[in-house]
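A quick write-up on the structure given underneath.
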Protein chains: 2
Amino acid sequence: MAVTMRDVAKAAGVSPASVSFALRGDPRIKQETARHIIDVANRMNYSVNITAKSLRSGRTGVIEAAVFQLDRPFYAQLLAGVSNAAFDRGIQAVAQQISTGKVGHEKSILEKVANKFCDGVILSAGGLSDAEIIELSRGKPVVLLDDQSYQGPFDSVFTPCENGAEAAVTHLFEIGCERVGLVGTDFMPADQACRSMRVGDRRLIGCHRAFERHERTLTKADTIQLFDWGTDDAYRAVSRRIEEGDFPFDGLFCMTDAIAFGALRALREHGIGVPDDVAVIGFDGVREGSYSAPTLSTIAVDIDKLAREAVDILCERIEEGRCGAPAMPKHVTVGYEVLVRESSNRTR
Amino acid sequence: MAVTMRDVAKAAGVSPASVSFALRGDPRIKQETARHIIDVANRMNYSVNITAKSLRSGRTGVIEAAVFQLDRPFYAQLLAGVSNAAFDRGIQAVAQQISTGKVGHEKSILEKVANKFCDGVILSAGGLSDAEIIELSRGKPVVLLDDQSYQGPFDSVFTPCENGAEAAVTHLFEIGCERVGLVGTDFMPADQACRSMRVGDRRLIGCHRAFERHERTLTKADTIQLFDWGTDDAYRAVSRRIEEGDFPFDGLFCMTDAIAFGALRALREHGIGVPDDVAVIGFDGVREGSYSAPTLSTIAVDIDKLAREAVDILCERIEEGRCGAPAMPKHVTVGYEVLVRESSNRTR
DNA sequence: CTGAAAGCGCTAACAT
DNA sequence: ATGTTAGCGCTTTCAG
């Protein structure tokens, strides 16, 4: 068995309480005694049992970031950002994958840990409803990433969906694209999209705006739907469209960079030149975009800021000792930058 | 405050112990009563306090995988594998990043969580010494990934460094490369390399073997050193060599796929054709390799198997109630496959 | 300035 | 078949 505080107390000839105080630098213990206690503790290789500590104090000092897939670049980079932000605040962050590939497992996997051994959760909620989130979060603060019920009851951080998408499509028009295709969103009319708050739909709204401003109408024919937002899925979907001869586009806005990588490959395999035949722009700004061939133009969202904001808000709520949904939920949207690289670099 | 077991017991008119048993399906409780208790618990939205449970039982049901960077594809994919493997065994896995970009923080960050709120750790140890690992792991089982003290005192899983590297270089020779360069390893003579067990050195050993078998001698001039194994670093290093006119290679074996992506970009930007001028092969088999342009040949290691083995061994040790280094450490090396894609696809 | 003691919520002997 | 009870290791009043 590991060495406990009692052991240290005994060895140092003091009470467990004094050890506790000494170890955390409480001024109630005389400098000298504290020094001695710390010494003994070190010699004995003591370290506190975080489990016991948490049971008593109600805090673990750990926050968790839960996302669908650890191995998607955007999430991976976000998680790295969360880790760093947490580290800077002196707390621990761990990441958890909530999808197992099999559907319907999100809840079961979340249920077990998310709200128990950590003080709060940053959650990329995907398909969960408000009610489910409330139930899952049972009393612990939650910050959502791109919450589907925009301006809903939870604290959330958002990617700049509407504006970013608008900027992306505008960019394509500005470099001379006549026929812009959208990869990764289900078509719906602007007014209907405005009522949804799913990420894809919000990006679609931005596209609608850009189309309008350039006096065009966005129709279903301008979109390529995807099942999930994986690179494979995008590759297959774009390939299929090309092969079916249903690919009239000279510009492509992909809802994520991961999608764009799949599209790029499909284009390349079918001998379609990028950016000359088709200009491509993605969304996210993952690092991989500067290593693709051609390098990927993108709406680079400030992933680090996104992470920092999420951690900041979460820590604030934890301090407050929040339970349940906050009275005044915060909603933060981070900035973006139109990063023009090779995939859309063409002189008009 | 959250609802406790006591509350449920009171509401159900039984004792806390019965609730505990009922909830975990212990046969000691009559079917009917158990049913009722579970019902009440659900209605009250009860869920066990994992902290208290762990304090009592000494187990948390959580394992942790700690790696340097969450946002490197190889690690990301490994972590996803660990999550899935853990899920299949009914336990939780969380991932932790142990590097913050700043050096020397690995230990401090590990110290705080790794061995406390989880039952065991899968650790990509990097620069930690045996002694440090022992100290950090204080009593909890650890499984190392590519342990630097090969065949050392810890359970470990290994990537097939020597054989994989040998296969990679052999492949390059077989497609007709005359001058094979190695990116990402510090040169040392074969005998010296054999004494080191760092990943880079072990892969170098494989290279030595391949060179020998093809009656060539591997020298320092055949290697391109890197600071870390990042894509950026590789990009810069390869670019520099090309610009300095010190690039006589017609084949490149990159120690990781991430390195290869950087090399590919450097080559491309300098107008060097792949695979015709220079054939390139990486190591790892990350998914991104099938989306690069050209697609990346690689030594595809069985990442999923790696993850599963690590989880299996760890869980076994946890079952055993292991403390400290195991008496008979297990060392598992997973298989690989030479995946020939465009970057080395040339007809002799 | 330090020690004694009461729990945090749960589990598992031991009693009933 | 169920209830009682004694802790797990720590923090934190409250006494001394």
Side-chain angles (χ1 to χ4, degrees), chain A residues 1-38 40-41 44-62 112-113 115-119 138-140 321 323, chain B residues 1-38 40-41 44-62 112 115-117 119 138-140 321 323:
Chain A
M1 203 52 217
V3 29
T4 87
M5 209 157 96
R6 229 215 209 42
D7 301 331
V8 177
K10 207 166 292 174
V14 294
S15 81
S18 302
V19 177
S20 177
F21 288 130
L23 254 31
R24 282 170 312 138
D26 192 295
R28 272 177 276 192
I29 302 294
K30 213 195 328 178
Q31 280 284 321
E32 199 188 349
T33 331
R35 208 181 204 56
H36 174 232
I37 293 175
I38 291 170
V40 173
M44 298 179 72
N45 238 326
Y46 169 80
S47 65
V48 316
N49 178 323
I50 211 183
T51 306
K53 179 184 177 137
S54 315
L55 177 57
R56 187 61 235 243
S57 64
R59 293 276 179 84
T60 63
V62 176
K112 295 186 64 171
V113 180
N115 307 297
K116 292 284 112 192
F117 80 91
C118 60
D119 296 336
R138 247 173 244 164
K140 301 253 169 127
C323 276
Chain B
M1 204 50 220
V3 29
T4 87
M5 209 156 96
R6 230 213 210 39
D7 301 331
V8 177
K10 206 166 294 174
V14 296
S15 81
S18 303
V19 178
S20 177
F21 287 129
L23 256 30
R24 284 171 308 142
D26 192 296
R28 272 177 278 191
I29 301 295
K30 212 196 328 177
Q31 282 284 320
E32 199 188 349
T33 331
R35 209 180 203 57
H36 174 232
I37 293 176
I38 291 170
V40 174
M44 296 179 73
N45 238 325
Y46 169 80
S47 66
V48 315
N49 178 325
I50 211 185
T51 306
K53 178 182 175 136
S54 320
L55 176 58
R56 187 60 237 243
S57 64
R59 293 276 179 84
T60 62
V62 177
K112 294 187 64 172
N115 307 297
K116 292 285 111 193
F117 80 93
D119 297 336
R138 244 174 247 162
K140 301 252 169 129
C323 275

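No experiment lies behind these values; they were computed from the predicted model shown. All chains are named by letter (A, B, ...) in the order of the sequence lines, taking the proteins before the strands, and each is independently numbered beginning at 1.
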Whole-Å distance separating the CZ atom of A/Phe117 from the C1' atom of C/dG9: 18 Å
Pairwise side-chain contact, A/Val62 with A/Phe117, heavy-atom cut-off 4.5 Å (strictly under): yes
5' precedence on DNA chain D between B/Ser57 and B/Arg28 (nearest-nucleotide basis): B/Arg28
Side chain proximity check, A/Met5 to A/Ser20, heavy atoms < 4.5 angstrom: yes
A/Pro16 vs B/Arg56, nearer the 5' end of DNA chain D by closest nucleotide: B/Arg56
Whole-Å distance separating the CD1 atom of A/Ile37 from the C1' atom of C/dT2: 9 Å
Straight-line distance of B/Thr4 OG1 to B/Asn49 CG, nearest 0.5 Å: 9.5 Å
Separation of C/dA4 P from A/Arg6 CZ (nearest whole Å): 11 Å
Which residue lies more 5' along DNA chain C, comparing A/Leu55 with A/Val14 via nearest heavy atoms: A/Val14
A/Lys53 NZ to C/dG9 P, straight-line distance once rounded to whole Å: 18 Å
Any A/Thr33 side-chain N or O less than 4.0 Å from OP1/OP2 of C/dT2: yes
Interatomic distance, A/Phe21 CZ vs D/dT12 P [rounded to whole Å]: 7 Å
Nearest-neighbour nucleotide for the B/Ala17 side chain, C/dA12, D/dC10, C/dG9 considered: C/dA12
Nearest-Å distance for atom pair CG/P, residues B/Asn49 and D/dC8: 18 Å
Where B/Pro16 and B/Ala9 come nearest, the two heavy atoms and their spacing: N-CB, 3.5 Å
Minimum side-chain heavy-atom gap B/Ile37-B/Val14 below 4.5 Å: yes
D/dG3 phosphate, OP1 or OP2, under 4.0 Å from B/Ser18 side-chain N/O: yes
Atom pair distance, as rounded to whole Å: CZ in A/Arg59 and P in C/dC8: 18 Å
Between C/dC8 (P) and B/Ile50 (CD1): distance, integer Å: 20 Å
Side-chain N,O (B/Ser20) to OP1/OP2 (C/dT11) below 4.0 Å: yes
